[in-house]
Amino acid sequence: MRIGVLQRRTGVSQRLLRYYEEQGLLRPERQPSGYREYHESDVARVLNIRSLLAAGLSTTTIADVLPCLATGDGRLIADCPELLLDLYRERERIEASIRDLEAARHALDTVIATAPPEVVRAVIA
């Protein structure tokens, strides 16, 4: 399939699909005309890439872990022991970010709580 079909099937822009190729996440065949030719399996691969990006992984990490992922029942399966180390590291990085965001929210809540009632009413009204 051509890139436009892959775009329609995945909802991912052609620009992003080309970026995924630049990052080594997709490897379409090139026709003599220069057109990219994608396989049916690339649809699932793009959807897996999107899932991993949504989970907070970088494209560099995804390039490392994608070969070790299998799919079953519509979900990703960690298929290599070394993959788990990378995923645990990413999970800890995300947890640290969550802790930082929660601390920032608490600091904002503390400042907001000091607002006089008339200021709060002016904002809410």
Side-chain angles (χ1 to χ4, degrees):
M1 79 185 78
R2 297 263 172 87
I3 195 168
V5 174
L6 185 61
Q7 174 186 8
R8 283 189 295 283
R9 301 257 323 263
T10 62
V12 175
S13 72
Q14 292 183 26
R15 182 172 173 256
L16 270 178
L17 293 171
R18 286 188 207 95
Y19 175 74
Y20 295 163
E21 181 182 354
E22 288 171 13
Q23 299 301 304
L25 303 175
L26 288 175
R27 292 180 184 84
E29 293 179 19
R30 288 293 189 142
Q31 299 302 313
S33 62
Y35 287 112
R36 293 168 174 85
E37 192 70 32
Y38 296 91
H39 297 279
E40 185 64 30
S41 61
D42 288 323
V43 172
R45 188 172 183 91
V46 168
L47 296 176
N48 290 341
I49 291 166
R50 300 300 296 163
S51 293
L52 294 168
L53 285 167
L57 275 65
S58 68
T59 55
T60 303
T61 301
I62 293 171
D64 291 340
V65 301
L66 211 51
C68 288
L69 290 176
T71 55
D73 299 330
R75 59 192 172 105
L76 293 172
I77 300 167
D79 215 18
C80 304
E82 61 273 12
L83 169 64
L84 286 178
L85 291 174
D86 288 334
L87 294 178
Y88 280 130
R89 273 193 294 273
E90 286 298 317
R91 187 172 191 275
E92 180 51 40
R93 183 189 60 75
I94 291 168
E95 285 179 352
S97 294
I98 290 169
R99 287 189 299 272
D100 291 344
L101 287 169
E102 286 175 339
R105 181 181 59 197
H106 178 71
L108 284 174
D109 287 344
T110 301
V111 173
I112 290 168
T114 64
E118 61 274 6
V119 173
V120 173
R121 281 192 299 275
V123 170
I124 295 176

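No experiment lies behind these values; they were computed from the predicted model shown.
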Notebook entry, point to check: Is the CZ atom of R15 crowded by more than 12 outside heavy atoms at less than 6.0 Å?
Noted result: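 Result for CZ/R15: open.
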
Notebook entry, point to check: Are more than 12 heavy atoms from other residues, nucleotides or ligands located less than 6.0 Å from atom CZ of R91?
Noted result: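 Atom CZ in R91 is not packed in, count stays at 12 or less.
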
Say you draw a straight line from [atom1] of [X] to [atom2] of [Y]; how long is it, rounded to the nearest 0.5 Å?
X   : Y    : atom1 : atom2 : result
D64 : L87  : CG    : CG    : 10.5 Å
L6  : E40  : CG    : CD    : 9.5 Å
I98 : R105 : CD1   : CZ    : 10.5 Å
T59 : L52  : OG1   : CG    : 11.5 Å
Y20 : L66  : OH    : CG    : 11.5 Å

Notebook entry, point to check: Just wondering, do R45 and D42 contact through their side chains at under 4.5 Å, heavy atoms?
Noted result: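 Touching, per the 4.5 Å side-chain cut-off.
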
Margin query: Measuring only between side-chain heavy atoms, which start at C-beta, is M1 closer than 4.5 Å to R8?
Written below: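 Answer no - side chains too far apart.
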
Notebook entry, point to check: Pick from T60, I62, N48: which one makes a side chain to side chain contact (heavy atoms under 4.5 Å, CB included) with L25?
Noted result: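 Filter result, single survivor: I62.
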
Item checked: Chi angles and distances behind the salt bridge (Lys or Arg N to Asp or Glu O under 4.0 Å) call for R18, E22 -> CA-CA 6 Å; R18 286 188 207 95; E22 288 171 13; over 6 Å; no

Going only through I, L, V, M, F, W and Y residues with side-chain contacts under 4.5 Å, is there a path from [X] to [Y]?
X   : Y   : value
L85 : I94 : no
V43 : Y19 : yes
I3  : V5  : yes

Check: Is R89 salt-bridged to E92, going by a charged N under 4.0 Å from an acidic O?
Finding: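 The answer is no: the pair does not qualify as a salt bridge.
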
Checklist line | Worked verdict on R2 versus E37 for side-chain contact (heavy atoms from CB on, under 4.5 Å) | finding: CA-CA 5 Å; R2 297 263 172 87; E37 192 70 32; 3.7 Å; yes

Check: Looking at V120 and A115, what are the two nearest heavy atoms and their distance?
Finding: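 Here V120 and A115 meet closest at CG2-CB, 3.9 Å.
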
Notebook entry, point to check: Do you know which two heavy atoms are closest between Y38 and L26, and how far apart they sit?
Noted result: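 Closest approach of Y38 to L26: CE2-CD1, 4.1 Å.
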
Next item on the list: Just jot down the side-chain hydrogen bond (donor to acceptor under 3.5 Å, both in side chains) partners of E21, sequence neighbours excluded, or say none.
Entry: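 If we apply the side-chain hydrogen bond (donor to acceptor under 3.5 Å, both in side chains) test to E21, skipping adjacent residues, the hits are R36.
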
Check: Just by distance, do the side chain of Q7 and the backbone of V12 share a donor-acceptor pair under 3.5 Å?
Finding: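 The answer is no, because no donor-acceptor pair under 3.5 Å joins these two groups.
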
